[in-house]
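I have placed the structure first, in the form of structure tokens, so that the comments after it can refer back to it.
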Amino acid sequence: EEQEEDVLRELRLFLRNLTERLMLDRRFKAFVKPVDIEEVPDYLMVIQKPMDLSTLLSNIDEHKYVTIKEFMSDADLIWQNALEYNPDSDPADRHIRHRACALKDTMRVIVRDELDKDFQRVCEEIRESR
Ligand SMILES: CC(=O)c1csc(NC(=O)C2C[NH2+]C2)n1
């Protein structure tokens, strides 16, 4: 009903704000756009489910996420993919892994500190009712 749509509108506002803040952070520049398959032709041989911050933003606008858990499943792909694609000990791999870990921790801290637990539960109830 309408009150449910009010809740989901507020969730989308939170998710857009979170995603936009991550996109503005210089550390996460490599995660803003999809990996360019022309530049990195082997990427799709290693990574089954590519994800990036601009794709998250499009998904939000397409009402893909009803709970924070669903959003975090996609958002976690970004840093998980980076750790998988960059496993070596060379400095370039270590550098992007460091940024992937910073992305993971930054997202979790913002969600823990800024998303109300009761609000999260209301979103879960809506998902279970559909
Ligand atoms: C988004 C992502 O995970 C990404 C973009 S470039 C890259 N890795 C490299 O450019 C090389 C460093 N060793 C391979 N990883």
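Order of listing sets the numbers, starting from 1, for every ligand and every atom in it.
- Atoms CZ and CE, from Phe31 and Met51 in turn, are 14.0 Å apart once rounded to the nearest 0.5 Å.
- Cluster membership check: Leu83 shares its hydrophobic cluster with Ile78, using side-chain heavy-atom separations under 4.5 Å among Ile, Leu, Val, Met, Phe, Trp and Tyr.
- Salt bridge annotation for Arg94-Asp88: absent, with no cationic side-chain nitrogen under 4.0 angstrom from a carboxylate oxygen.
- Phe119 and Leu8 fall within a single hydrophobic cluster, where Ile, Leu, Val, Met, Phe, Trp and Tyr are joined by side-chain heavy atoms under 4.5 Å apart, directly or via other members.
- The hydrophobic cluster around Leu44 extends to Val35, Ile37, Val40, Tyr43, Val46, Ile47, Tyr85, counting ILVMFWY residues whose side-chain heavy atoms fall within less than 4.5 Å of a member.
- The immediate protein surroundings of ligand 1, defined as residues with any heavy atom under 4.0 Å of it, consist of Ala30, Val35, Ala82, Tyr85, Asn86, Ala92, Asp93, Ile96.
- Checked options Thr19, Asp25, Asn17; the residue passing with Arg21 is Asn17 (criterion: side-chain hydrogen bond (donor to acceptor under 3.5 Å, both in side chains)).
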